[in-house]
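Single-structure report; data block below.
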Amino acid sequence: RIIFSTKTFQSKMQDILGTELRSGEKTEALDKVFPETVKFVGIYFGAHWAPPCRLFTDTLNSFYGKVNQDGLQFQVVFCSTDGNEAAFERNYKKMPWAAVNYLDEDRSQSLRQRYGINGIPTLVVIDPKGNLISYEGRTDIQTHQDGALEVWEKQAAEAAQQ
């Protein structure tokens, strides 16, 4: 079973996501956003102005609620490509997960470059060590619904054996 060890998590996730994320109305340290029960992190690249993102946000919201009903296993970090902060705020208020602060453009750009993001919506799934599990998180969820978590667990186990 894969879970975050606090030390490994802090080091890898700080490299990828920074030291703080937006959580609701406030900014929180990573250990507050990611309890040790989290198995996977989905970095969600999207914007409210794009109709496919609005549709996928609803799908992701439903998936997030179902797979986390017995405890947080899958955390999402929203990385906005909204045109301004007001649009980000309108979009983010519908999301129950964390987000990169809209004003942290360097972090957002770094994430887009790191994962080669060319279009939205995109959901990149990583494991507790920061290893890439799937570039196709959106397709995984749309194809497998609640079973996407099992797909990622299998992919993580295969990657660990290599």
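What you are looking at is a predicted structure, and each value in this text was computed from that prediction instead of being measured. Basis for what follows: all heavy atoms, side chains included, without hydrogens, waters or symmetry-related copies.
- The pair E20-R107 does not meet the salt-bridge criterion, since no charged nitrogen lies less than 4.0 angstrom from a carboxylate oxygen.
- With sequence neighbours left out, N68 forms a side-chain hydrogen bond (donor to acceptor under 3.5 Å, both in side chains) with no residue at all.
- A donor-acceptor pair under 3.5 Å links the side-chain atoms of Y102 to the main chain of N84, judged by distance alone.
- Residues passing the side-chain contact (heavy atoms from CB on, under 4.5 Å) test with D58: none are found, sequence neighbours excluded.
- Residues satisfying the side-chain contact (heavy atoms from CB on, under 4.5 Å) criterion with A98, sequence neighbours excluded, are L21, V33, V77.
- No more than 12 heavy atoms of other residues, nucleotides or ligands shown are found within 6.0 angstrom of CD on E150.
- With T37 contributing its side chain and L72 its backbone, the two residues share a donor-acceptor pair below 3.5 Å.
- Shown here for D146 and K66, the closest heavy-atom pair between the two residues is OD1-CD, 3.3 Å.
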- [ ] Please assess Y115 against I126 for the test side chain to side chain contact (heavy atoms under 4.5 Å, CB included), listing each intermediate value before the final yes or no.
- [x] CA-CA 11 Å; Y115 297 110; I126 60 176; 3.6 Å; yes

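- Side chain of S110 to main chain of D106: no donor-acceptor pair is present (N/O by atom type, distance under 3.5 Å, no hydrogens or angles).
- Between W152 and F74, the two ring planes are tilted [angle within 30° to 60°].
- The closest side-chain heavy-atom distance from Q75 to Y64 is below 4.5 Å.
- Nearest heavy-atom pair across P121 and F56 is CG-CB, 4.0 Å.
- Two residues are said to be in side-chain contact when any heavy atoms from C-beta on lie closer than 4.5 Å; L123 and D140 fail this criterion.
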